[in-house]
Enquirer: 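Would you mind keeping the following structure in view while I ask a few things?
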Amino acid sequence: MLSFLDAMDARTIVVIGLILPLLVTLGLFFFARGFFRRFWVLILLLAGALEWFLIVQVGPLFL
């Protein structure tokens with residue numbers, strides 16, 4: 001697995017990191033609606049925190 005990540009460009013890894021929380025949130029919404037309805041605020045806050053962390057910590061490296 002590490003050799004696979006080493007072979008990837010850093011920008012590709014960042015884009016995957018930005019898209020992954022969105023895909024997990026959408027997957028929970030479509031495939032586990034009961035779970036999503038019960039914890040929707042927590043799920044959206046967690047996804048937003050992951051997005052914010054990646055943008056703030058890694059984003060300036062690409063400017």
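Values in this document were obtained by computation on a predicted structure and should not be read as measured data.
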Enquirer: Can you pull the ring-ring contact (aromatic ring centres under 6.0 Å, His included) pairs that have at least one residue in residues 7-36, sequence neighbours excluded?
Expert: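 ring-ring contact (aromatic ring centres under 6.0 Å, His included) check on residues 7-36 returns Phe29-Phe36, Phe35-Phe39.
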
Enquirer: For the hydrophobic clusters of this structure (ILVMFWY residues joined by side-chain heavy atoms under 4.5 Å, transitively), does one cluster hold both Val56 and Leu22?
Expert: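 Not linked; separate clusters.
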
Enquirer: Can you name the side chain to side chain contact (heavy atoms under 4.5 Å, CB included) partners of Ile55, sequence neighbours left out?
Expert: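 With sequence neighbours excluded, Ile55 shows a side chain to side chain contact (heavy atoms under 4.5 Å, CB included) to Leu18, given in chain and number order.
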
Enquirer: Could you pull out all residues at least two apart from Leu23 that satisfy side chain to side chain contact (heavy atoms under 4.5 Å, CB included)?
Expert: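 Scan of Leu23 (side chain to side chain contact (heavy atoms under 4.5 Å, CB included), adjacent residues dropped) gives Ile19.
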
Enquirer: Only one of Ile43, Leu44, Leu42 clears side-chain contact (heavy atoms from CB on, under 4.5 Å) with Trp40; which?
Expert: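 With Trp40 as partner, side-chain contact (heavy atoms from CB on, under 4.5 Å) holds for just one option, Leu44.
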
Enquirer: Counting only heavy atoms not in Arg38 (residues, nucleotides, ligands), do more than 12 fall under 6.0 Å from its CZ?
Expert: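 No - once you tally the heavy atoms of other residues, nucleotides and ligands closer than 6.0 Å, there are 12 at most.
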
Enquirer: Can you list everything that forms a ring pair (Phe, Tyr, Trp, His ring centres under 6.0 Å) with Phe53? Sequence neighbours excluded, please.
Expert: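 For Phe53 there are no ring pair (Phe, Tyr, Trp, His ring centres under 6.0 Å) partners, ignoring immediate neighbours.
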
Enquirer: Does Leu46 belong to the same Ile/Leu/Val/Met/Phe/Trp/Tyr cluster as Ile16, with side-chain heavy atoms less than 4.5 Å apart forming each link?
Expert: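 No, Leu46 does not connect to Ile16 through the hydrophobic network.
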
